[in-house]
Amino acid sequence: MKSTRMFSILNVLVNHEKITAQELAEKLEVSKRTIYRDIESLNLAGIPIVSYPGQGGGLGILANYKLDKKFFSIDELQTILIGLDALNSINKENDINHLITKMVEKDEQTILKNADIVIDLSSWFSDNGFQDYVINIRKAIRAQRLMAIEYQSKSGYSKRTVEPYKLLFKYSSWYLYAFCLERNQYRLFKLNRILSYHILTEQFNAKEHEISDSVLFFENNYFKENENNHLFDVVLHYKQEDEAFLMDNIGVQKFQFHSNISTITFKTSDRAWVIDFIIHLKDKVKVLEPPFLVEDIKNTFKKISSLYES
């Protein structure tokens, strides 16, 4: 517990030129006496944390000091640098580079090279402008500035004014978690569906719309049973030549291999979602179970076909 708290103190000090012991105590929910004991332990470990007296003073790490990598094990450094490098891949900001430089002086690339995980959040396409989306939306979040967006959802085109709160990367897509003033509730906006955005000069108060702890998990109910939607089994048949495509889109865990037939099986509670999901897979799968889903797919394709009859 103490080591975790000391690392938290170190992390705060790295990101602040100066901070008072009282502010540190409030952030970490401990007493000032505990903070001073931890500061003393950090000093004994070789990290020069100094106290600046007077108005505007506080605690800070001695200027131009590099964190001694011996303070962390190689595994700990790898874990920290993997996370920082992942952020750096999508948003090459000076503050991230500065933090990496403070963590290790010259050999961060050697440490990353020996790591068993590489996380690169950037796009394969260098000219898609996606990185600008992330950079500019982060600026709007930090400045608490309203955003006007044009959004293409599954139900159609709309214009929204939103309070941006968080950028979320989940599975394979980026999302903006924001409070929509038109809907008067929090919404997840997929970045790939934002046609355009404009950061407004008007600011918002982040405390007006409190985010509950349960919301921060960003969980959907596609695979959860609740009072209104009961889980049902979905069984899809596929051909061997389409296996690689499907594994890229679904993941190998849901595949079942038999000598006579190859199937994909999973449970879901959202009928509308699974219809969209199967249509996304095009002609690569055929629904075997449940019967009502077979009829749903047939009716959906009939509607699509009717659009082209004339």
Side-chain angles (χ1 to χ4, degrees), residues 123-125 127-130 133 149-160 162 168-178 180 182-183 185-197 218-258 260-310:
S123 170
W124 287 107
F125 305 101
D127 59 346
N128 70 345
F130 192 78
Y133 264 52
I149 64 172
E150 292 183 283
Y151 192 68
Q152 184 67 45
S153 68
K154 292 180 180 179
S155 57
Y157 169 86
S158 63
K159 290 184 177 181
R160 312 282 188 95
V162 301
L168 164 69
F169 184 84
K170 191 172 181 69
Y171 187 51
S172 60
S173 299
W174 280 95
Y175 300 86
L176 168 63
Y177 184 66
C180 178
E182 280 75 18
R183 302 291 190 270
Q185 59 183 249
Y186 284 102
R187 291 290 177 94
L188 271 180
F189 299 95
K190 195 170 186 178
L191 258 61
N192 277 342
R193 292 180 174 271
I194 297 178
L195 301 173
S196 68
Y197 65 91
F218 300 107
E219 294 177 347
N220 58 47
N221 64 350
Y222 302 151
F223 308 104
K224 286 190 172 183
E225 186 173 7
N226 54 50
E227 293 180 359
N228 300 318
N229 296 316
H230 296 290
L231 288 170
F232 56 88
D233 293 301
V234 177
V235 182
L236 309 176
H237 168 59
Y238 69 92
K239 297 177 182 177
Q240 199 67 33
E241 59 263 30
D242 296 323
E243 189 171 82
F245 169 85
L246 294 168
M247 285 183 178
D248 280 344
N249 282 267
I250 300 173
V252 71
Q253 294 83 2
K254 296 180 176 63
F255 284 72
Q256 293 189 358
F257 305 99
H258 305 284
N260 56 341
I261 187 172
S262 298
T263 60
I264 301 166
T265 62
F266 59 90
K267 293 179 181 291
T268 183
S269 61
D270 195 305
R271 194 162 168 173
W273 171 84
V274 77
I275 293 172
D276 288 345
F277 177 69
I278 291 168
I279 291 175
H280 164 71
L281 299 176
K282 300 177 285 191
D283 60 343
K284 303 295 190 294
V285 297
K286 178 182 178 181
V287 181
L288 301 182
E289 297 288 344
F292 66 79
L293 185 57
V294 175
E295 293 304 312
D296 285 345
I297 296 296
K298 285 182 179 178
N299 291 332
T300 301
F301 277 110
K302 283 180 182 177
K303 291 178 182 178
I304 294 172
S305 178
S306 67
L307 295 175
Y308 300 93
E309 287 180 354
S310 60

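The first residue in the sequence is number 1, and the count goes up from there.
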Under the ring-ring contact (aromatic ring centres under 6.0 Å, His included) rule, collect the residues that match up with Tyr157, sequence neighbours excluded.
none
In Å and rounded to the nearest 0.5 Å, what is the CZ to CG distance from Arg193 to Leu191?
12.0 Å
Beyond-backbone contact of Thr263 with Tyr238, side-chain heavy atoms, under 4.5 angstrom:
no
Sidechain-backbone polar pair: His237 side chain, Val287 backbone, donor-acceptor under 3.5 Å:
no
Could you measure the distance from the CG atom of Leu293 to the OG1 atom of Thr268? Nearest 0.5 Å is fine.
9.5 Å
Heavy-atom side-chain proximity of Tyr133 to Leu176 below 4.5 angstrom
no
From Cys180 SG over to Leu188 CG, what is the distance, rounded to the nearest 0.5 angstrom?
12.0 Å
Atom CG in Asp242, atom CG in Asp283: separation rounded to 0.5 Å?
7.0 Å
Is the Tyr177 ring parallel, tilted or perpendicular to the Tyr186 ring (thresholds 30°, 60°)?
parallel
By side-chain contact (heavy atoms from CB on, under 4.5 Å) - contacts of Glu241 (at least two apart)
Lys239
Distance from Ile194 atom CD1 to Gln152 atom CD, nearest 0.5 Å?
12.5 Å
Within the 4.5 Å heavy-atom criterion, are Tyr197 and Phe189 side-chain neighbours or not?
no
Minimum-distance pair of heavy atoms, taken over all atoms of Lys159 and Glu182:
O-CD, 4.2 Å
Considering only heavy atoms from C-beta outward, does the side chain of Val274 approach that of Asp270 to under 4.5 Å?
no
Around Lys284, counting heavy atoms of other residues, nucleotides and ligands shown, do more than 12 lie under 6.0 Å from its NZ?
yes
Do any side-chain atoms of residues 294-305 form donor-acceptor pairs under 3.5 angstrom with protein atoms, and if so which ones, sequence neighbours left out?
| unit_1 | atom_1 | unit_2 | atom_2 | d |
| --- | --- | --- | --- | --- |
| Asp296 | OD1 | Arg271 | NH2 | 3.3 |
| Asp296 | OD2 | Arg271 | NE | 2.6 |
| Asp296 | OD2 | Arg271 | NH2 | 3.2 |
| Asn299 | ND2 | Glu295 | O | 3.2 |
| Thr300 | OG1 | Asp296 | O | 2.8 |

Mind checking salt bridge (Lys or Arg N to Asp or Glu O under 4.0 Å) for Asp233 and listing every partner two or more places apart, or none if nothing turns up?
Lys267
In terms of heavy-atom contacts, Pro290 and Phe232 come closest through CG-CD1, 4.0 Å
Just jot down the side-chain hydrogen bond (donor to acceptor under 3.5 Å, both in side chains) partners of Tyr175, sequence neighbours excluded, or say none.
none
Grab the two heavy atoms, one from Pro291 and one from Glu289, that are nearest each other, plus how far apart they are.
CD-OE1, 3.5 Å
